[in-house]
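Everything on this sheet refers to the single structure shown next.
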Protein chains: 2
Amino acid sequence: MAIRPAEQLIHKAAWLYYAHGLRQDQVASQLKISRASVAMYLRKARETGIVNISTSTQLFTDDVLARQLEDAFKLDAVWIAPENGHVADPSTDIAVLAASVFLELIKKGDRIGVAWGRTIYTIADIMSYADLQDVTVVQLCGNLGAPYSYRPDQCTMEIARRLNAKGLNFYAPLVLTTEELARGLRAEPVIREQLSGISECNLALYSVGTVDADSHVVKCGALTASEMEVLRRAGAAGVIAGQIIDAQGKALDCSYNRRIISAELSSLRKIEKRLVVVQEDSKFGPLVAAIAGGLCTHLVVGARMARRLLDHAGPAAEKVA
Amino acid sequence: MAIRPAEQLIHKAAWLYYAHGLRQDQVASQLKISRASVAMYLRKARETGIVNISTSTQLFTDDVLARQLEDAFKLDAVWIAPENGHVADPSTDIAVLAASVFLELIKKGDRIGVAWGRTIYTIADIMSYADLQDVTVVQLCGNLGAPYSYRPDQCTMEIARRLNAKGLNFYAPLVLTTEELARGLRAEPVIREQLSGISECNLALYSVGTVDADSHVVKCGALTASEMEVLRRAGAAGVIAGQIIDAQGKALDCSYNRRIISAELSSLRKIEKRLVVVQEDSKFGPLVAAIAGGLCTHLVVGARMARRLLDHAGPAAEKVA
DNA sequence: CGCTCGGTTTGACTTTTGTCGAGAGCCATG
DNA sequence: CATGGCTCTCGACAAAAGTCAAACCGAGCG
């Protein structure tokens, strides 16, 4: 694409149209180009984040349910996507909301940690573009040759691209065959640096994974279904950034966890804002575990899940609200 | 206006339209209302700041001139509005830019100090609405029964209204007849509190005033033209928040300055971001004084003024850039 | 030198959006 | 209980924005 003149024009067109409130034909005559070109420039401006259109997510926190959840689980903020069933795809709703919330939480100069999963990739995919300065997106865990499109590095890169931010990938596999190898790799300067940099993030985005045969880690071949079954018996309750956690949200003491290259849970907890997004109802257990482990400060869920969480918190908590 | 149901609907319509990218007719059928209503809701959503459309002001800082000014005067950021003369009203251009810059500088939870003047009021007037939470707008100086519409309290209130923020007005006149009275009033708890609260702002917005017969303080009757003339001979170089400053940007030692209720210059300097906006070419002298006094960290000016400032900084400064 | 190729620009057309006046519903009031 | 304002809503029309195929333009290449 033409480098400079086009950029200039896009900026000017966007400026006249959105800031000054001129009509497209007025912009066209001012810039001495056709209106059709103006329309095209404006689309580009929106696509590249030169103009930002954001809608307040206030509505979704105003919900009584959201407040109750914040109280019951001591969370900083909760957003609840309504599931009236009137929207074509209810899970998209959650992702759209999550994308807005995510964008709203980002500030200039932020360092953002991103995990992976279908949910995260969906968010990345529908997220609008922005032109943040000085933002860095770091990958929270090693890579996995997933059979799907949502590999960890892709999640990171796509989000970085949308934000016009710098993307820092992890050039290591998520899981290795031996504990020794994992230890050795973690000690590598490049890897060590990235791992220690994670706690310097001020915003993290992740979902949780289930610990059954349908789990992503199983589907991607990091574990076999039977290995997972064993872990589940041993107390596995969920997956966060490729790591198995127990019902208390602590890393499960198992060989698998020692063989992975991923953010330490303690590093994650040091991140100021930990945004957890959950779409599927089946992730109830894992989510509860993550919350118990203090891995979540900001939460985006559907209404059904929200009610279930509140029920789980017990009648005592409900009385408070 | 209807209180709750309408708000809800506006929010939902805005959400479906802007976040989900549905068309108006789709939104209409989803919400079971006519498309015309949807269009109306969307307008309201934009007007009330439920949706935010902002365009990056990057373009205006990218300017070489802007960089040179930043270097020459050690400013944090400079925005320069082009004055190609192709726009109907060039001074509006500066105000539109200033409004965008101002909005861009505001963060949630901020405390914002606002002075007064035609420039400030113009900005307030064209500024788009926003739905910031937890923002407080405080008036930087006492009131003045101006013959114009832009009284200090109006500037503050209008900006607060646009931001959906809390407005803190100064219930005191800007200038009193005797120094004793001014001293007494400043000692009043209400006033004292407000004055001391000013240094807690993290963003200030003001312009500078001239010190001739056309000065606002003269027009508003705070000083007579001849008194002003005397002050000018005594070294008055400009007006900031109703206060007379000399060429070094220090408060001029004069009776007038002792008779006013306004932010101390030292308090202003404590504010992290001091956004100064200058429209008129005649304000060159006052602006130079304000910059000299460290009263400006962020600057929005027209191209002509920018060049003049750079010339003033001297060839030495130009070589640096 | 003429060709193709990638891209931008344009005019003409279609779709989407904005607006306005008319009508419907709703309260408070006489 | 009718009346008069009031706001909210809708349908129809006008205006604006989006889209697309064709034209254009310049660069690189045979």
Open item on the list: The criterion is side-chain contact (heavy atoms from CB on, under 4.5 Å); which residues satisfy it with B:A115, sequence neighbours excluded?
Closed with: B:L140, B:Y206, B:A241
Task: Partner residues of B:A28 under the side-chain contact (heavy atoms from CB on, under 4.5 Å) criterion, sequence neighbours left out - done: B:R35, B:V38
Which atom pairs link the protein and nucleotides 22-24 of chain C when you take only N or O atoms and keep those under 3.5 Å?
none

Open item on the list: Does D:dC8 have its OP1 or OP2 closer than 4.0 Å to a side-chain nitrogen or oxygen of B:Y41?
Closed with: no
Task: Atom-pair distance (CG on A:L42; C1' on D:dT19), nearest Å - done: 14 Å
Open item on the list: Check the phosphate of C:dG18 against B:K44, side-chain N and O only, distance under 4.0 Å to OP1 or OP2. Yes or no?
Closed with: no
Open item on the list: Pairing donors with acceptors under 3.5 angstrom, does anything connect the side chains of B:Y129 and B:R46?
Closed with: no
- [ ] Report the distance from atom CE of A:M40 to atom P of D:dG18, rounded to the nearest whole Å.
- [x] 12 Å
Task: A:A45: side-chain contact (heavy atoms from CB on, under 4.5 Å) partners, not counting sequence neighbours - done: A:I10, A:A14, A:I50, A:V51
TODO: Apply salt bridge (Lys or Arg N to Asp or Glu O under 4.0 Å) to A:K273 and list each qualifying residue two or more places apart in sequence or on a separate chain.
DONE: none
Open item on the list: I'd like to check the side-chain contact (heavy atoms from CB on, under 4.5 Å) partners of A:D153; sequence neighbours left out, ordered by chain and number.
Closed with: A:Q139, A:N143, A:R151, A:N169
TODO: Encode nucleotides 10-17 of chain D as B, S and - characters from 5' to 3', where the letter depends on protein heavy atoms closer than 4.0 Å: B to the base, S only to sugar-phosphate, - to neither.
DONE: BB----SB
Do any side-chain atoms of residues 103-112 of chain A form donor-acceptor pairs under 3.5 angstrom with protein atoms, and if so which ones, sequence neighbours left out?
from: A:E104; atom 1: OE1; to: A:T57; atom 2: OG1; distance (Å): 3.2
from: A:E104; atom 1: OE2; to: A:T57; atom 2: OG1; distance (Å): 3.4
from: A:E104; atom 1: OE2; to: B:K108; atom 2: NZ; distance (Å): 3.3
from: A:K108; atom 1: NZ; to: B:E104; atom 2: OE2; distance (Å): 3.4
from: A:D110; atom 1: OD1; to: A:N202; atom 2: ND2; distance (Å): 3.4
from: A:D110; atom 1: OD2; to: A:K107; atom 2: N; distance (Å): 2.9
from: A:R111; atom 1: NE; to: A:G197; atom 2: O; distance (Å): 3.3

TODO: Check salt bridge (Lys or Arg N to Asp or Glu O under 4.0 Å) between A:R23 and all other residues, then give those that pass, not counting sequence neighbours.
DONE: A:D25
